[in-house]
Amino acid sequence: MNHIELAMKQGAALIAAAAGKITDKPFKYPVMEIPKNTAHGDFASGFAMRTAGELNLDKRAFAQSIADNIDFAGTYYESASVAGPGFINLKLGNAWFCDVLLGIDGMGAAYGRTASENPEKIMVEYVSANPTGPMHMGNARGGVLGDSLSEILSWAGHTVEREFYVNDAGNQIEKFAQSILARYKQLILGEQNVPFPEDGYQGEDIRTIAKAFFDANGDRLPCDENALKDELGTFGLSVNLPKMRRDLERYKISYDTWFFESSLYESGEVEETVRLLEKSGYTYEKEDALWMRTTDFGCDKDEVLRRSNGFYTYFAADIAYHRNKFATRGFDRVIDIWGADHHGHVLRMQKALDAIGLDGTNRLEIVLMQMVRLMSEGEVVRMSKRTGKAISLSDLLDDIPVDAARYFFNMRASDTHLEFDLDLAVRQDSENPVYYVQYAHARLCSIMKALEQDGISARVRAPRLDMLADPAEVELIRALAQLPEEIKLAAASREPSRINRYVTGVAAAFHRFYTDCRIRDAGDDALRDARIFLCGCTATVLKNSLTLIGVTAPDHM
RNA sequence: GUGCCUGUAGCUCAGCAGGAUAGAGCAACUGCCUUCUAAGCAGUAGGUUGGGGGUUCGAGUCCCUCCAGGCACGCCA
């Protein structure tokens, strides 16, 4: 149990015990909260206000009698007071703050990790961009979100696997192959002599792939164009997939598994899954197509599983894919990160899994991610000035440091639109928020180095931590204590952006401490050493927090 | 038309399960470096939490309604 939980549990028990002395009536166990303004106390409870009504008591008077009846012996608390309409405020003694720091020092790089009360085997699937072209800003945001969330879930005590679903089957890939074939033929027969498919991929990258194939294989015409098309599709994937992997790795995003949609067709799982759905009784045939009666589950309309031309839909393959995740690979929970434009797909996916007995409603979670708007000079940027095309992930990384990109993409809750200020992200100055946090860490390292140059060890033995009583010191320790709790909350709410906000708060608390409290010239060696110890703990918390969101903690700037 | 998301300071956004005086950053203004990194700190100013109603000791938070913006509604993925 972390120190926040410990303090809350003790506080609740104290209030419950004191209330028990006043009334025999049963009551709900008190809820503790951290007041916004810590001048009110370290922890507070609205228990008296909630309960006084049922007992026909005056709120403040009831709160006061509870406060008067608390016995603090054997706890971290030392006093209680009543304020406002009837809050009971509890004040922690010194021992709690000392224990927080000793705990951080003891756990080091593992500080913030907790065991889950209910550990699960979780798959997080993210990005899963079509391998038919460059990745865009939505993929970039999804990548950061998925990667950070996976890390956070793992720190919160779950077993996590990260997966990229490669859509290498179906219509998009067919169009991709046809587009490459057309470019290849144009290369040989002349652009005006070969029509380009109307809904083909227009991008320059398709020409590059066709050219690369031509350079390697020369003129293969005339031939069986269908076979050549398939070969070109495969060739195209062999170019694009490693490139995606490289771009993602450059972005510090890696996966445990790359799962190929085509494997579901090869193994017969798509067919098998559709058969199961038919057996469930929720399907019917209409105009030669096989439909699923998703309206039975509250969806707007029924969905096609197998088209009249005999091909399965993406929906059918996706059901088979998720069946594979749950039934074949045994995940307790699957979290998919999707663009918000796919939200219509959520309910029917969950319900389709319900229909085959896999409880998608409770075990498949979709984190929907709103759009990214790139801004520059106060205007929305739709295209890259250099290429004239939509800005790709690799374009972005050419311009913006990975740390800044990762920090920016994780600044907002996933379900809000993200405004990404390109000018701000490239700035190497204080206006860029990522530097505010990194600077705090660099400052800490610099202090340690300066001290060691003066022959003062940064490894303090038996520090007098009770000497840390300056308000700036107390606030800093309070912030440091919050990390394990913050990770749990971020994990439970599937909201990695909480960590950005948290780490900014820690940096702010540290900068205030740095301004208010001298370290080397503390005026007292014991106080100096206690502050050095506090600095060490702060560096640990900053580094661990930044690690969670994939941002580096530099030693100097 | 139906469904989902959003609306909080000039701008970008926090606000956990309803709590005390609605908070940060940027922009503006004023101070602070002979002293461990000023990429920092402190202060001033800035608000009808989109409008209206309801629930209650208490609403930015929950419910209803209206307004505004985004997205989705294919035998596409």
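So you know, we letter chains A, B, ... as the sequences are listed, proteins then strands, and number each from 1.
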Close N or O pairs between protein and nucleotides 15-19 of chain B (under 3.5 Å):
{"unit_1": "B:G19", "atom_1": "N7", "unit_2": "A:R50", "atom_2": "NH2", "d": "3.3"}

Taking only N/O atoms, report every protein-nucleotides 28-32 of chain B pair under 3.5 Å with atom names and distance.
none

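When each of A:Y165, A:Y265, A:F260, A:Y314 is paired with A:Y321, the ring-ring contact (aromatic ring centres under 6.0 Å, His included) condition holds for A:Y165 and for no other.
Separation of atoms CG (A:L418) and CE (A:M137) is listed at 11.0 Å; rounding is to 0.5 Å.
At whole-Å resolution of the value, NZ in A:K286 and C1' in B:G74 are 13 Å apart. Nucleotide B:C75 holds its C1' atom 11 Å from the OH atom of A:Y284, rounded to whole Å. Straight-line distance from the CD atom of A:E174 to the C1' atom of B:C75: 16 Å, rounded to whole Å. Atom CG in A:L57 sits roughly 15 Å away from atom P in B:C57 (whole-Å rounding). Atoms OH (A:Y435) and P (B:U37) sit 20 Å apart, rounded to a whole Å. One can place CG of A:N139 at 18 Å from P of B:A77, the figure rounded to the nearest angstrom. Regarding A:R531, its CZ atom lies at a distance of 15 Å from the P atom of B:C36, rounded to whole Å. As a whole-Å value, the separation of A:E303 CD from B:C73 P is 10 Å.
For the contact set between residues 310-322 of chain A and RNA chain B, defined by any heavy atom under 4.0 Å, the members are A:T313, A:Y314. Contacts between residues 507-518 of chain A and RNA chain B, counted as heavy-atom distances below 4.0 Å, involve A:H511, A:R512, A:Y514, A:T515, A:C517, A:R518. Within residues 166-173 of chain A, the residues having any heavy atom closer than 4.0 Å to RNA chain B are, in order of number, A:N171, A:Q172.
Out of B:G40, B:C75, B:A77, the shortest distance to the side chain of A:H342 is found at B:A77. Considering only the side chain of A:I447, B:C36 comes nearest among B:C36, B:A77, B:U35.
In this structure, A:E485 has no salt bridge (Lys or Arg N to Asp or Glu O under 4.0 Å) partners at least two apart in sequence or on a different chain. A search for side chain to side chain donor-acceptor pair (under 3.5 Å) contacts involving A:T504 returns A:Y407, not counting sequence neighbours. Scored by the side chain to side chain donor-acceptor pair (under 3.5 Å) test, A:D454 finds A:R520 as partners (sequence neighbours excluded). Under the rule for a side chain to side chain donor-acceptor pair (under 3.5 Å), A:E271 has no partner lying at least two apart in sequence or in another chain. For A:E269, the side chain to side chain donor-acceptor pair (under 3.5 Å) criterion is met by A:S267, A:N324, not counting sequence neighbours.
Between A:R501 and A:E486, none of the side-chain N atoms (NZ, or NE/NH1/NH2) sits under 4.0 Å from a carboxylate O, so this pair counts as no salt bridge. The pair A:K351-A:D296 does not meet the salt-bridge criterion, since no charged nitrogen lies less than 4.0 angstrom from a carboxylate oxygen. A salt bridge is absent between A:R412 and A:E419: the closest approach of a Lys/Arg side-chain nitrogen to an acidic carboxylate oxygen does not fall below 4.0 angstrom.
Of all non-hydrogen atoms in A:P131 and A:N167, the two that sit nearest each other are CD-O, 3.5 Å.
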*For nucleotides 4-12 of chain B, read 5' to 3', which letter fits each nucleotide if B means a protein heavy atom sits under 4.0 Å from the base, S means only the sugar-phosphate is that close, and - means neither?*
BSS-----S
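For B:C36, its base never sits under 3.5 Å from the side chain of A:S446 at any donor and acceptor pair. At a cut-off of 3.5 angstrom, counting only N and O atoms as typed in the model, there is no donor on one side facing an acceptor on the other between the side-chain of A:N500 and the base of B:A14.
One finds no side-chain N or O of A:Y201 lying less than 4.0 angstrom from the OP1 or OP2 phosphate oxygen of B:A77.
Rounded to a whole angstrom, the distance from the P atom of B:U48 to that of B:U56 is 28 Å.
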*Begin from the C-alpha positions of A:R348 and A:T294 and carry the test side-chain hydrogen bond (donor to acceptor under 3.5 Å, both in side chains) through to its verdict.*
CA-CA 6 Å; A:R348 59 180 186 249; A:T294 37; over 6 Å; no
_What does the 5'-to-3' dot-bracket notation of RNA chain B look like when only Watson-Crick and G-U wobble pairs under 3.5 Å count, and pairs to other strands show as |?_
(((((((..((((.....[...)))).(((((.......))))).....(((((..]....))))))))))))....
